[in-house]
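Just below is one structure, and these are the notes that go with it.
Proteins get letters first, then strands, A, B, ... in listed order; numbering begins at 1 in each.
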Amino acid sequence: MSLNNLLSVKNLTVEFQTSEGIIRAVNNISFDIPQGKTIGIVGESGSGKSVTSLAVMGLLQKPAARIPSGEIYFNGQDLLKLNEQQMRAIRGNDISMIFQEPMTSLNPVFKVGEQISEALRVHKNLSKKEAWEKAVHLMNQVGIPNPSSSAHKYPHEMSGGQKQRVMIAMAISCDPKLLIADEPTTALDVTIQKQVLELLQKLQQEYKMSMMFITHDLGVIGDIADDVVVMYRSNVVEKNHAQTIFHSATHPYTKGLLACRPKLGANPRRLLTVSDFMTESGEEKIVPVERVQVFDKEQEVKSESQILLEVDQLVTQFPIKGGLFGRTVDHFKAVDGVSFKLKKGQTLGLVGESGCGKTTLGRSILRLVEPSAGKIIYDGKDITHVYHEELRQLRKKMQIIFQDPYSSLNPRMTITDILTEPLNIHKVGANKNERFDMARELIEKVGLKSNHMSRYPHEFSGGQRQRICIARALMLRPEFVICDESVSALDVSIQAQVLNLLLDLQQEFGLTYIFISHDLSVVNFIADEVGVMYAGKIIEMDKASRIYKNAKEEYTRSLLSAIPKGLARETRP
Amino acid sequence: MNKNSLWKDAFYRLAQDKLALISILIVFLYFFVALFSGLGWIASNWSQEVGASNLAPSFDHLLGTDIFGRSVLQKVIRGTQVAMSVGAAAALIAIPIGVILGALAGYFGGWIDDFVTWLYTTFSSVPNIMLLISITLILGKGIFSVYVALGATSWVNLCRLIRGEVLKHKEREYVQAAGAIGGGHMRKLFRHILPNVSHIVIINTSMQFQTAIKSEVILSYLGLGVQGEPSWGTMIDDAKLELVRGVWWQLAGATLAMFFILLAFNILGDALRDALDPKLKGK
């Protein structure tokens with residue numbers, strides 16, 4: 001073990017005892033974190049990256065988890081040999097951790113200043129007043145405006161990005177030598193993500209910490225990591241300098257991960273996925289040349305088609321209740337005068353940060369939320385004020401795919417029930433068998449096996465569930481589908497597969513999409529036209545290929561610059 | 001075919017809990033005793049003299065005899081029939097009221113919610129025992145009024161729980177998805193939301209059952225319950241005067257019978273909650 005390694009993991013294996021037998025979550029992995037460096041651990045969900053970090057923190061759930069072999073040296077001391085009390089002295093003091101979800105990691109009934117000072121009082125034995133002053137100082141350092149007054153705020157009074165900053169302030173409060181960040185930016189908007197990444201990088205240099213940065217997205221890590229460890233199915237498949245990984249990855253899985261994230265410029269017609277680079281059993285495959293070929297959307301001539309959807313000055317507002325009797329005191333305009341036209345067979349992408357009204361716009365067009373003013377014209381017919389049977393008939397033609405594949409399927413229904421329900425409602429198909437056959441046909445189209453149809457949603461992974469949602473939306477053979485952040489909850493490698501599927505289905509059924517996302521690179525890949533939303537308005541709208549080349553609005557440019565480049569930064573001196 | 005539903009999962013979890021299995025066994029035992037007694041197969045001659053007055057428990061009379069020389073064991077069995085029927089009747093009345101009001105209030109909101117909330121807060125603001133006593137006084141004594149009184153008071157808790165759960169579930173995306181494919185209110189509420197909150201009904205019923213049994217005993221003890229039939233409550237009431245003469249077996253029989261069924265329902269309720277709602281485990 002070389003002396004300048006702060007953390008050194010050697011041949012670590014972690015196993016879980018479950019009712020189905022022993023599952024090996026981490027298989028014989030080794031890596032080092034040198035003093036003052038950042039290493040990124042990349043892998044999809046279930047690859048063992050979070051288990052590794054929990055093992056380092058000594059937070060594995062015992063006795064379900066056990067470590068049959070391996071050593072974790074921290075500062076020359078084997079952490080696995082320490083007892084719980086010795087471990088507690090290290091945890092939060094020498095090693096601290098930031099979690100993915102800032103919304104639930106803070107205690108809602110305490111002021112944020114109190115929560116930061118609590119750690120200081122426990123570990124550093126500071127008085128109440130000293131701890132509070134230090135907390136304010138820390139909040140200043142993590143870039144929270146007006147730290148002395150912000151310390152008196154409760155978590156719900158802060159935005160997601162600010163809460164994550166508070167979490168970072170807590171994590172660095174005891175000058176840790178090692179900071180573990182487990183997907184710290186996954187729940188944040190791109191612009192906030194960029195700020196948080198820059199902050200972490202700044203703090204790391206100031207405090208001379210080492211950092212272990214865990215993510216499923218190789219693109220994020222490029223800006224921040226010195227070394228990268230790639231994990232796949234419990235194993236480390238590749239580790240190297242970030243530069244080397246990004247420019248000449250050797251393992252097919254790493255190549256797949258690098259390729260599957262859509263780029264801002266030209267992309268291949270269908271995104272490359274991990275399965276293009278390696279077989280199921282993990283052997284390398286030769287990628288066919290035509291798969292890699294990029295194509296320029298502007299060159300593509302789509303035959304001129306008629307306008308399917310026209311939205312004119314649409315406004316959707318929600319009442320703000322207030323006063324003693326809960327009267328409506330004001331209205332909040334979630335969608336504020338939006339107009340656009342969408343041609344048949346085309347895809348309109350809507351981008352914007354959370355709270356900009358893009359989701360409400362989608363729901364208003366489908367009349368799942370009642371618009372307050374303006375017009376929606378679908379296929380030449382004003383649908384703003386149709387009700388009952390007419391609205392039901394409309395549901396056949398317009399569908400929606402939701403963001404969260406976990407909550408959008410009824411857990412008490414089998415896949416067959418879920419898929420045949422729309423047919424039952426609209427009395428499509430003569431009998432049960434015919435409906436079942438129709439469901440089976442679609443489930444195979446979206447890439448699942450028909451013998452899975454008697455299963456329940458919880459038996460599927462996130463990507464598979466999203467495929468089921470897609471199949472349900474297509475059961476009635478709609479013409480128009482709104483995809484509301486439909487790939488945001490998925491790992492990048494799964495995201496590429498689902499995007500490809502959406503494009504295949506669009507080609508096959510001649511679908512028209514509105515694709516809502518906070519991720520400009522995804523929208524740029526899938527959409528023909530892009531609308532950028534800000535505070536309920538579409539502030540800029542243009543061909544997808546043009547918007548990233550010459551965006552007119554300052555806001556669009558800031559969104560663009562916040563996207564992780566998927567490239568390693570220049571090596572620091 | 002892989003039919004691995006959430007209900008089946010819950011069943012397996014329950015089957016692994018030995019204490020829960022014993023509780024289920026006890027509940028079934030009481031149920032069949034009550035059923036056979038109701039059919040007149042056992043303890044139908046409870047009102048007949050079987051021996052001298054106040055005989056201590058012996059091999060001939062397992063729980064002894066009461067002041068009229070009637071078998072205490074047979075009275076306990078008749079009391080079981082009364083207790084179980086009260087529990088079942090209260091549940092039969094309370095579940096439909098609680099589920100329907102709770103579901104409608106949670107789903108539709110607005111004035112329906114205001115009305116239902118007003119109704120159950122009013123009910124729950126009056127102490128339960130006062131409400132029970134006043135209902136039985138209005139309807140007159142007898143087992144039928146006990147049924148109605150308990151049914152009318154025990155829907156409140158269930159209604160409150162169902163309303164809260166429906167409120168939570170109606171915002172879920174799967175309910176919105178049902179709307180997006182053209183499903184109406186009734187489909188969303190009854191096909192999608194209710195199956196997802198139905199475990200609450202089961203857990204709550206098992207808890208409510210024991211409350212009903214306890215309430216029946218209290219009402220009968222106060223002389224407001226069943227008339228002309230033995231009940232655990234009236235037996236305990238009788239024991240008040242007998243104890244000074246050292247006649248303890250009537251009290252022991254009634255309280256032990258009550259103790260085991262209440263304990264069984266208590267354990268079963270906890271086990272059901274753990275099995276059906278794993279998120280709550282350990283809380």
Side-chain angles (χ1 to χ4, degrees), chain A residues 19 326 359 362-363 366-369 388-389 391-414 417-428 451-459 465 468-469 472-476 478 481-482 484-485 489, chain B residues 1-17 107 109-111 113-114 117-118 165-202 275-279 281-282:
Chain A
S19 53
T359 294
R363 310 252 157 124
L366 288 185
R367 296 277 315 281
L368 289 172
V369 174
H388 307 297
E389 192 49 34
L391 185 62
R392 255 164 49 86
Q393 290 307 320
L394 207 63
R395 299 260 179 259
K396 271 193 194 174
K397 296 180 191 156
M398 307 166 86
Q399 276 300 319
I400 181 163
I401 301 165
F402 293 95
Q403 165 172 10
D404 184 359
Y406 291 92
S407 77
S408 58
L409 295 171
N410 187 337
R412 305 257 177 206
M413 284 165 85
T414 62
D417 290 342
I418 288 171
L419 292 183
T420 52
E421 188 182 22
L423 303 177
N424 285 327
I425 293 174
H426 293 279
K427 304 197 172 51
V428 181
N451 57 8
H452 290 168
M453 286 177 63
S454 57
R455 292 192 184 176
Y456 286 82
H458 70 276
E459 296 171 67
R465 281 160 161 250
I468 297 166
C469 294
R472 172 177 59 192
L474 297 182
M475 277 312 291
L476 293 165
V481 179
I482 292 183
D484 186 2
E485 298 267 18
Chain B
M1 288 281 273
N2 179 2
K3 275 255 171 191
N4 208 358
S5 78
L6 294 176
W7 289 116
K8 256 202 168 148
D9 278 359
F11 180 76
Y12 285 126
R13 272 198 291 272
L14 201 62
Q16 276 168 4
D17 190 344
Y107 184 81
W111 67 266
D113 191 23
D114 291 345
T117 313
W118 169 80
E165 279 297 296
V166 170
L167 214 56
K168 192 172 88 191
H169 275 272
K170 82 169 175 183
E171 298 297 328
R172 294 268 164 96
E173 283 185 339
Y174 73 85
V175 179
Q176 294 186 25
I181 56 174
H185 291 313
M186 290 302 126
R187 176 176 285 272
K188 282 197 239 171
L189 185 52
F190 288 103
R191 182 149 168 71
H192 288 274
I193 300 177
L194 274 188
N196 277 294
V197 302
S198 55
H199 62 281
I200 290 182
V201 180
I202 298 174
L276 292 168
D277 210 346
K279 278 175 306 212
K281 196 159 190 167

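- Proximity to chain A (any heavy atom under 4.5 Å) is restricted, for Arg187(B), to the side chain, taken from C-beta onward.
- Every side-chain hydrogen bond (donor to acceptor under 3.5 Å, both in side chains) that Asn424(A) has, sequence neighbours left out, goes to Arg435(A).
- Within the model, atoms CD1 of Ile400(A) and CD1 of Ile181(B) stand 12.5 Å from one another, a figure rounded to the nearest 0.5 Å.
- Residue Leu409(A) touches chain B through its backbone alone, counting heavy-atom pairs closer than 4.5 Å.
- Residue contact with chain B, scored on non-hydrogen atoms closer than 4.5 Å, involves the side chain of Arg363(A) exclusively.
- Nearest heavy atom pair, residue Ser408(A) against residue Ala177(B), reads O-CB, 4.2 Å.
- In this structure, the side chain of Arg395(A) engages the main chain of Gly179(B) through a donor-acceptor pair within 3.5 Å.
- Legend: residues meeting side-chain hydrogen bond (donor to acceptor under 3.5 Å, both in side chains) with Glu389(A), ordered by chain and number and at least two apart, are Arg392(A), Gln393(A).
- For Pro411(A) against Asn196(B), the heavy-atom pair with the smallest separation is CG-OD1, 3.1 Å.
- Heavy atoms of Met398(A) lying under 4.5 Å from chain B belong exclusively to its backbone.
- Arg172(B) approaches Ser407(A) most closely through the heavy-atom pair CD-CB, 4.2 Å.
- To the nearest 0.5 angstrom, Asp484(A) atom CG is 7.5 Å from Glu173(B) atom CD.
- Using a 4.5 Å cut-off on side-chain heavy atoms (C-beta onward), Arg191(B) and Met413(A) make contact.
- Between Tyr174(B) and Pro457(A), every side-chain heavy-atom pair lies at or beyond the 4.5 Å cut-off.
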